[in-house]
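A short write-up of the structure that comes next.
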Amino acid sequence: MCVFGVGAGVLIERFPSQLVIAVGGVLTGSSLLIASACKSPIGLIFTQGILFGAAGSLLLIPAVSMPGQWMEKYRALATGISISGASLGGLWLSFAVRSIISSISWQWALRITGLLIIVVSVCASPLMKKRVHVARREKIIDMSALKNIHFVLLFISTLLAAGGYYMPYYYMPSYAVVEIGMPSAWSANISSILNAGSVVGRIATGLLADYIGALNALLVTALISSLAVLVLWLPFKSLGTLIAAAVLFGFASGSVMSLVPVVTANMFGIKRLSSIMGLVFFSYAIGTFISSPVGGALLDKYGHGTDFSSLIIYNGVFFSASTVLFATLRILLNRNPFAKV
């Protein structure tokens, strides 16, 4: 999904946003409907993988960039509320899909989810009106940001934070079952705890960012995410500390999705925000590619599928490195430690 963010940003700038979002919703939902009829892994890769990702980017980029166009004083809070919808969906969807699969079939789980995406996206699309219009004579993609050292630092630090962000969502649920020995139902429970923490965290950190500055808040939450992984998740192997780590990580790490768009808007303005956010979201794709698959390989090679220590350390390194780079960007933008940045 993040790989196609650049193209999605261009489409949002060049065409009516309501139309792009409606088409994106129809294609996203249709990809799941087609996937429900697939009989081979290749078909699932094309539909639920490539088509879903490409179409989903037409929903993701507007969701993260449009609140910043309409809000200025409470930009971070508005973006946090908008992005918290993703976590709210994840909070109930895992249970709903699990129930549908067990009671009917996985095919119907895909069909119902696909139809739901189509209906909600098409109904919501008229409300998704962009505020800023880009003249057609301007460059399709503004690549000048790539020459800016501040953008480069933001890109790399976001890449590392995104890499650290997804690993707990992928592996904490299985950790509860494999390493702690909880029943398989706890896999969905941990996923819901992470998402519940993220719902509250994205709104709370958005409110905090409007008072202390988006980059300041992002730096603080990146540090807290690092501590949740390395201080709570790594050394302890009990359900209580895992739940505490999931709550704290879910609360703090959601800022990677909600505050990066605000930092980007504050640094580069809102005129080309959609296309610049497309470039930034490409870093999310890279971070995901080099984090979770490598973490899984570490789990298999050094943990023999049951010891998650090497994976958790790898996860903590990602967020710790992103914290250092966010701090470096903060110093370059303003050396006053009390300034709102």
Side-chain angles (χ1 to χ4, degrees), residues 1-3 35 40-50 52-53 56 86-87 90 93-94 97-98 101 106 156-195 197-198 222 225-239 241-243 245-246 248-250 252-254 256-257 281-322:
M1 191 179 293
C2 296
V3 171
S40 67
I42 294 177
L44 289 174
I45 290 172
F46 177 77
T47 55
Q48 201 172 353
I50 298 174
F52 182 90
S87 297
L93 190 60
S94 59
V97 169
R98 189 188 188 95
I101 292 174
W106 65 267
I156 298 174
S157 55
T158 302
L159 183 158
L160 294 168
Y165 172 76
Y166 286 106
M167 275 190 276
Y169 282 87
Y170 290 151
Y171 293 107
M172 265 192 185
S174 57
Y175 177 91
V177 177
V178 175
E179 185 133 351
I180 298 181
M182 300 302 297
S184 59
W186 269 95
S187 177
N189 292 343
I190 295 297
S191 293
S192 296
I193 291 170
L194 284 164
N195 281 297
S198 187
S225 299
S226 304
L227 296 175
V229 171
L230 296 175
V231 176
L232 287 179
W233 188 17
L234 176 61
F236 301 102
K237 292 180 172 59
S238 67
L239 181 61
T241 51
L242 179 62
I243 291 174
L248 187 60
F249 184 85
S253 65
V256 174
M257 299 295 294
F281 263 82
F282 191 71
S283 70
Y284 285 75
I286 299 173
T288 304
F289 288 151
I290 65 175
S291 61
S292 296
V294 177
L298 291 172
L299 173 62
D300 291 336
K301 183 174 182 179
Y302 297 104
H304 307 292
T306 58
D307 186 351
F308 286 68
S309 298
S310 57
L311 181 149
I312 298 171
I313 293 172
Y314 186 62
N315 187 185
V317 167
F318 266 84
F319 250 116
S320 299
S322 72

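Numbers for residues simply follow the sequence, beginning at 1.
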*asked:* So, using side chain to side chain contact (heavy atoms under 4.5 Å, CB included) as the criterion, who are the partners of A188 when residues are at least two apart?
replied: F95, R98
*Looking only at heavy atoms, which two atoms of A35 and L44 are closest? And how far apart?*
O-CD2, 3.6 Å
*Specify the closest pair of heavy atoms between P183 and V177, including all atoms of both residues, with the distance to one decimal.*
O-CG2, 3.7 Å
*With no hydrogens and no angle check, is any side-chain donor or acceptor of S226 less than 3.5 Å from a backbone partner on F319?*
yes
*Minimal non-hydrogen separation, M167 against G295, with atom names*: SD-CA, 4.5 Å
*asked:* With rounding to the nearest 0.5 angstrom, report the OH to CZ distance, Y166 to F289.
replied: 11.0 Å
_The criterion is side chain to side chain contact (heavy atoms under 4.5 Å, CB included); which residues satisfy it with V178, sequence neighbours excluded?_
T306, F308
*Answer yes or no: is there a donor N or O on one side and an acceptor on the other, between the side chain of N315 and the main chain of L311, under 3.5 Å?*
no
*asked:* Are S320 and L230 packed together at the side-chain level, in the sense that at least one heavy-atom pair is separated by less than 4.5 angstrom?
replied: yes
*Taking only residues two or more places apart in sequence or in another chain, which ones pass side-chain hydrogen bond (donor to acceptor under 3.5 Å, both in side chains) with S198?*
S87, R202
_Using every non-hydrogen atom in the two residues, find where Y302 and S310 come nearest and quote the distance to one decimal._
CB-OG, 4.0 Å
_Nearest-0.5 Å distance, CG of residue L160 to CD1 of residue I286_ = 10.5 Å
_A side-chain contact here means heavy atoms from C-beta on lying under 4.5 Å apart; do W186 and I243 qualify?_
yes
*Could you check if a side-chain atom of L242 sits within less than 4.5 angstrom of a side-chain atom of I180, using non-hydrogen atoms only?*
yes
_Shortest non-hydrogen contact between S157 and S322, atoms and distance_ = O-CB, 3.4 Å
*asked:* Among residues at least two apart in sequence or on other chains, which ones pass side-chain hydrogen bond (donor to acceptor under 3.5 Å, both in side chains) with S40?
replied: none
*Sequence neighbours left out, what passes side chain to side chain contact (heavy atoms under 4.5 Å, CB included) with I45? Give chain and number order.*
none
*Which residues satisfy the side chain to side chain contact (heavy atoms under 4.5 Å, CB included) test with V231, sequence neighbours excluded?*
L227
*Give the intermediate values and the outcome of side chain to side chain contact (heavy atoms under 4.5 Å, CB included) for residues L194 and F249.*
CA-CA 7 Å; L194 284 164; F249 184 85; 4.1 Å; yes
*Could you list all the salt bridge (charged side-chain N to carboxylate O under 4.0 Å, His left out) pairs where at least one residue sits in residues 178-193, not counting sequence neighbours?*
E179-K237
*Listed partners of S309 passing side-chain hydrogen bond (donor to acceptor under 3.5 Å, both in side chains), at least two apart*: D307
*Out of curiosity, T47 OG1 to I42 CD1, how far, rounded to the nearest 0.5 Å?*
11.5 Å
Residues 168-176 side chain polar contacts: donor-acceptor under 3.5 Å, at least two apart:
{"residue": "Y171", "atom": "OH", "partner": "S292", "partner atom": "O", "Å": "2.9"}
{"residue": "Y171", "atom": "OH", "partner": "G296", "partner atom": "N", "Å": "3.3"}
{"residue": "S174", "atom": "OG", "partner": "Y171", "partner atom": "O", "Å": "3.0"}
{"residue": "Y175", "atom": "OH", "partner": "F236", "partner atom": "O", "Å": "3.2"}

*Partners of D300 by side-chain hydrogen bond (donor to acceptor under 3.5 Å, both in side chains), sequence neighbours excluded?*
none
_A side-chain contact here means heavy atoms from C-beta on lying under 4.5 Å apart; do V256 and Y284 qualify?_
yes
*Would you name the heavy atoms of L232 and T241 that are closest together and state the gap between them?*
O-CB, 4.3 Å
_Between F318 and I290, is there a side-chain heavy-atom distance shorter than 4.5 Å?_
yes
*Evaluate the side chain to side chain contact (heavy atoms under 4.5 Å, CB included) criterion for residues V229 and L234: first the C-alpha distance (whole Å), next the side-chain angles of each, then the deciding distance (0.1 Å), finally the verdict.*
CA-CA 6 Å; V229 171; L234 176 61; 5.9 Å; no
